[in-house]
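First the structure, in the form of structure tokens, and then the observations on it.
Side-chain atoms are counted along with the backbone in the values below, which use heavy atoms only and exclude waters and symmetry mates. A, B, ... follow the sequence lines: proteins, then strands. Residue 1 opens every chain. All figures in this text were calculated on a predicted structure; none of them were measured in a lab.
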Amino acid sequence: MRVSFTVNGRRETVDDVWEGESLLYVLRERMGLPGSKNACEQGECGSCTVYLDGTPVCACLVAAGQAEGREVRTVEGLADGDRLDPVQEAFVECGAVQCGFCTPGLVVQAHDLIERVEQPSDAEIREALAGNLCRCTGYEKILDAVRLAAARKAADR
Amino acid sequence: MDFLRPTTWEEALAAKADQPEAMPIQGGTDVMVEINFDVHRPPALLDLGRVPELFTWEQVDGVYRVGAGVPYVRIIEELGEALPGLAQAARTVGSPQIRNRGTVGGNLGAASPAGDSHPPLLAAGAMIEVESRDRGVRMIPAHEFYVGVKKSALEPDELIRAFWTKPASGPQYFSKVGTRNAMVIAVCSFAIALHPEERRVGTGIGSAAPTPRRAPAAEEFLAAELDWDAPLDPAVVRRFEELAAQAASPIDDVRGTADYRRHAISVMARRTLTWAWNDYLRRRAA
Ligand SMILES: Cc1cc2nc3c(=O)[nH]c(=O)nc-3n(C[C@H](O)[C@H](O)[C@H](O)COP(=O)(O)OP(=O)(O)OC[C@H]3O[C@@H](n4cnc5c(N)ncnc54)[C@H](O)[C@@H]3O)c2cc1C
Ligand code: FES
Ligand code: FES
């Protein structure tokens with residue numbers, strides 16, 4: 001089937017999509033957007049997190065056809081040209097990236113948190129990131145990065 | 001495979017009637033896992049994500065009618081006060097990403113004994129509204145909806161439209177045992193709802209029997225023995241937790257043993273009743 005939706009502001013159309021295919025597969029394999037990672041395909045790891053109509057979801061659990069006509073924003077759509085999003089910058093500065101496999105999902109999920117909650121408490125950060133697994137960092141640096149990004153965002157407001 | 005995309009409830013019912021083997025997909029958090037892992041290759045997917053009726057809730061003569069497609073995140077944010085037991089259960093589902101997509105309708109459709117919506121729906125005495133094009137609407141009490149392991153009373157040509165439940169008239173609690181706070185399929189769970197105006201207590205047990213179920217003997221015991229004007233009698237609590245545990249018929253599996261589950265049900269029955277009763281007395285005093 002043909003599937004058409006907006007990705008990072010651009011309308012994209014792809015053909016010959018299998019009806020059972022996930023949004024994640026379409027993004028990575030058909031639209032050349034490999035930022036969202038495929039690790040578990042069962043909603044457990046969060047590395048495929050993207051915005052669907054402004055809400056973070058696991059792209060592996062959305063049928064491609066369900067995205068028809070909708071707006072998708074992936075990790076590739078967060079930076080403004082060469083300027084990284086503050087969440088991305090904070091991840092780099094805090095050493096929150098080791099192998100980097102979990103990073104795209106965490107960045108999108110953290111981006112949503114600090115959009116919604118002005119100064120998230122540690123409990124709120126942990127809760128928001130509970131569906132994103134990282135096998136490298138032990139999470140402490142990730143928490144540092146989210147705190148830093150949130151503080152900068154609050155200072156900008 | 002077909003991908004069916006109805007945009008109204010009538011179209012959805014027609015699609016299901018014409019192709020009863022089509023698999024409905026709402027949030028996809030159960031369906032897509034099965035497709036990704038090739039557990040199922042349904043001949044068609046019936047996407048309910050464009051049926052606006054399913055995303056709304058309303059109050060009809062004081063009773064909440066909540067569309068099957070309202071995701072957990074909205075149950076928590078919009079219905080937390082009216083349906084506190086269900087909202088507590090919703091907060092324990094998966095992760096934020098799962099709660100953004102997953103729905104009570106999908107939980108009902110999957111009818112897993114471990115589904116977290118079921119105990120609070122049972123305790124509150126909810127009704128499930130299902131409909132088919134050819135036979136119309138059926139209202140099924142929650143306790144008659146679950147008929148076997150992952151089997152519900154839904155017929156092949158029917159879809160779940162909504163669940164109906166009165167706003168809480170007394171305290172409600174949900175408790176769930178698992179290995180961490182997020183991303184946990186219940187080892188077992190328990191829900192309680194006080195109905196002070198009826199001098200009655202509702203219960204729901206999860207993950208400790210082939211289906212979610214109430215603990216009827218425990219409910220009858222409380223209806224007969226509770227003194228609604230006094231602090232809880234410890235002897236009453238003890239008997240209640242015994243009867244609640246006896247209502248379970250758990251199995252040993254990777255998540256826990258039958259003995260452990262029975263024990264945990266009695267502990268959760270005691271705790272939830274105590275929490276609810278303390279709230280009840282506090283509210284009455286206020
Ligand atoms: C990582 C992860 C964690 C999870 N954690 C939990 C948890 O903690 N607790 C829990 O209870 N569940 C959990 N689940 C399971 C799942 O999220 C829930 O069962 C959820 O409620 C399913 O809702 P959905 O809208 O995504 O359903 P879908 O996947 O869209 O559908 C589920 C089933 O219901 C049917 N269906 C859907 N809508 C209708 C309708 N209107 N009429 C008829 N049939 C319908 C479908 O055909 C399918 O059989 C988890 C899943 C994942 C992937
Ligand atoms: S790949 Fe989607 S959650 Fe793991
Ligand atoms: S940095 Fe390797 S998984 Fe998180």
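Heavy atoms closer than 4.5 Å to chain B are found in the backbone of A/Glu21, but not in its side chain. For chain A, no part of B/Asn181 is nearby; none of its heavy atoms comes within less than 4.5 Å. Contacts of A/Ser22 with chain B are made by both backbone and side-chain atoms, with heavy-atom separations under 4.5 Å. Only the side chain of A/Leu133 comes within contact range of chain B, judged by heavy atoms closer than 4.5 Å. Proximity to chain B (any heavy atom under 4.5 Å) is shown, for A/Ala59, by neither the backbone nor the side chain. Both the backbone and the side chain of B/Ile25 come within contact range of chain A, judged by heavy atoms closer than 4.5 Å.
Environment of CZ in A/Arg83: sparse, with no more than 12 heavy atoms of neighbouring residues, nucleotides or ligands closer than 6.0 Å. Heavy-atom contacts from other residues, nucleotides or ligands closer than 6.0 Å to CD of A/Gln98 number more than 12. The 12-atom threshold is exceeded at CZ of B/Phe55, counting heavy atoms of other residues, nucleotides or ligands nearer than 6.0 Å. Annotation: A/Arg126, atom CZ; neighbour count of heavy atoms from other residues, nucleotides and ligands within 6.0 Å does not exceed 12. Under a cut-off of 6.0 angstrom, the local environment of CZ in A/Arg11 is crowded, with over 12 non-hydrogen atoms contributed by other residues, nucleotides or ligands. The number of heavy atoms from other shown groups lying within 6.0 Å of NZ (A/Lys141) does not exceed 12. In the displayed structure, A/Asp156 atom CG is contacted under 6.0 Å by more than 12 heavy atoms of other residues, nucleotides or ligands. Shown here is B/Ile76, whose CD1 atom has more than 12 heavy atoms of other residues, nucleotides or ligands within 6.0 Å.
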Legend entry - Intermediate values then yes/no, salt bridge (Lys or Arg N to Asp or Glu O under 4.0 Å), B/Arg5 and A/Glu19: CA-CA 12 Å; B/Arg5 223 175 269 158; A/Glu19 287 72 13; over 6 Å; no
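Note that CG of B/Asn100 is 10.0 Å distant from OG1 of A/Thr49, once rounded to the nearest 0.5 Å. Separating the OG atom in B/Ser95 from the CD atom in A/Gln109 is a distance of 7.5 Å, to the nearest 0.5 Å.
The nearest pair of heavy atoms linking B/Phe3 to A/Gln66 is CZ-N, 3.7 Å. Closest heavy-atom contact between B/Phe37 and A/Glu41: CE1-O, 3.4 Å. Of all heavy-atom pairs spanning A/Ala128 and B/Pro96, the tightest one is O-CG, 3.5 Å.
Under 4.0 Å is where a charged nitrogen must lie from a carboxylate oxygen, and between A/Glu127 and B/Arg99 at least one such pair does.
Top candidate by heavy-atom pairs under 4.5 Å with chain B, chosen from A/Cys58, A/Ala63, A/Gly46, A/Cys40, is A/Ala63. Heavy-atom pairs under 4.5 Å with chain A peak, among B/Val33, B/Thr29, B/Asn36, at B/Asn36. Among the candidates B/Gly27, B/Ala182, B/Gly28, B/Pro42, the residue making the largest number of heavy-atom pairs closer than 4.5 Å to chain A is B/Gly28.
At a threshold of 4.5 Å between non-hydrogen side-chain atoms, the residues A/Leu52 and B/Arg101 count as touching. The side-chain heavy atoms of A/Asn132 and B/Gln97, taken from C-beta on, include a pair separated by under 4.5 Å. Annotation: side chain of B/Ile98 is in contact with side chain of A/Leu61 (closest heavy-atom distance under 4.5 Å).
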